[in-house]
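Report on the following structure.
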Amino acid sequence: MNVDFHSHTTASDGALSPMDLLLRAKERGVDLMAITDHDTVDGYRSVCDRWQDSSLRLIAGVELSCLWSRRLIHVVGINIGIDNPELQAGLEFLQQARLERARLIGEKLARLGFEGGYAYAAQLAGKGQIGRPHFAKFLVEHGHVSSEAEAFKRYLGAGKIGDVKSSWPEMARVIQWITASGGVAVLAHPLHYKMTATKLRALLTDFKAQGGGAVEVVSGKQAKDRTQYLAQLAEQFELMASKGSDFHRPGMPWNELGQAGELPGNCQPIWALFQ
Ligand code: AMP
Ligand code: MN
Ligand code: MN
Ligand code: MN
């Protein structure tokens, strides 16, 4: 079965509308899919009733921003109850935090002489959740950097001036919001945090203790040894396994819908829960 449990739409920092995302996923042979926008279920909500094609089953999802040990961590929620009051209150909190952070990022960039970043990013995000990728586009469009990658490297990435993370909730809270709504909390792309093996084990220990249910063992196209390493960690910590492309836009072969590799045999796929 072709499962993709990590993807983005225009409701956050993705390029495709929710409907276009589903059509592209179907084209790529995805059978079971979750839209996991940053801190919102608006994209999923806008298509869940309109999507009637049984060859691609859609499951409710989200990707929540949080802090663990003062680092920015992403926790994906799969099979969440989108109308659960606790989750809804959590999403409102995160959306407010995003807005405040965006204003601060705008102020910090303005201090460097890059004026108008907030207005540009807010306009680009529209009704969707505003994020650093919108500021990256601002910096490129105004010629302050030559690529979005450079924008992150110089101004927006971890430890840079635009990396404002003070207002995110602690990981335990976002796990609680997901599980209270009936969803499974999945630690997203564990290798993106660039932690030492020791630190990653400490994160997994806390994640499990706080009610986390699974590890994203496969995130996009990744080297076999990384998949095996994460599968082994999931097994050791008795966590289930998930996989997803983390698709944001066409033209990124490493994050194409439905193209993430298979889970190794020692994994317990979370989709077994939903069949
Ligand atoms: P935010 O949700 O506003 O904290 O922004 C994080 C998002 O920025 C991630 O979900 C990615 O889509 C994107 N991102 C993170 N790092 C980079 C990078 N180095 N280059 C391009 N995009 C990135
Ligand atoms: Mn993103
Ligand atoms: Mn992420
Ligand atoms: Mn993502």
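Order of appearance sets the numbers: ligands from 1, and atoms from 1 within every ligand. Not measured: the values here are computed from a predicted model.
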Any donor-acceptor pair under 3.5 Å linking the side chain of Q52 with the backbone of D49?
yes

Only one of R57, M19, M33 clears side chain to side chain contact (heavy atoms under 4.5 Å, CB included) with W51; which?
M19

For ligand 1, which atoms sit closer than 4.0 Å to a heavy atom of R101?
1 (P), 3 (O), 4 (O)

Counting backbone and side-chain atoms alike, is an N, O or S atom of H192 positioned under 2.8 Å from the Mn ion (ligand 3)?
no

Relative to ligand 1, is I130 under 4.0 angstrom through side chain, backbone, both or neither, heavy atoms considered?
neither

The Mn ion (ligand 4) to nearest N/O/S of H248 below 2.8 Å:
no

Any nitrogen or oxygen of R98, side chain or backbone, less than 3.5 Å from one on ligand 1?
yes

Per-residue contact class, H189 against ligand 1 - non-hydrogen pairs under 4.0 Å
neither

Would you say the Mn ion (ligand 3) has H189 as a near neighbour, meaning an N/O/S atom of that residue under 2.8 Å away?
yes

Distance-only side-chain donor-acceptor flag, D37 / S12, under 3.5 Å:
yes

Under 2.8 Å from the Mn ion (ligand 4) - does any N, O or S atom of H74 fall there?
no

With heavy atoms and a 4.0 Å threshold, my read on which part of H248 contacts ligand 1 is side chain

Out of curiosity, does I130 fall in the hydrophobic cluster containing W168 (side-chain heavy atoms, cut-off under 4.5 Å, transitive links)?
no

Closest to the Mn ion (ligand 4), among the N/O/S atoms of D246, is atom OD1

Contact (N/O only, under 3.5 Å) between R132 and ligand 1
yes

Flag for E63-H189: side-chain donor and acceptor within less than 3.5 Å
yes

Side-chain donor-acceptor pair present, Q129, D39, cut-off under 3.5 Å
no

Selection from G14, G131, A125, P133 by shortest heavy-atom distance to atom 5 (O) of ligand 1
P133

With respect to the Mn ion (ligand 3), please indicate if E63 possesses an N, O or S atom at a distance under 2.8 Å.
yes

Geometric cation-pi criterion, R173 with F93: 6.0 Å, 45°:
yes

Can you tell me which residue and heavy atom of the protein come closest to atom 15 (C) of ligand 1, and the distance to 0.1 Å?
F152 CE2, 3.5 Å

Whether the S245 and D4 side chains hold a donor-acceptor pair (N or O, under 3.5 Å, no angle test) is what I'd like checked.
yes

Numbering as shown, the atoms of ligand 1 that approach H38 to under 4.0 Å (heavy-atom distance):
10 (O)

Hphob cluster co-occupancy, M252 + L16, side-chain heavy atoms under 4.5 angstrom:
no

So is there a nitrogen or oxygen of H74 less than 3.5 Å from a nitrogen or oxygen in ligand 1?
no

Any side-chain donor-acceptor pair under 3.5 Å between D13 and H248?
yes

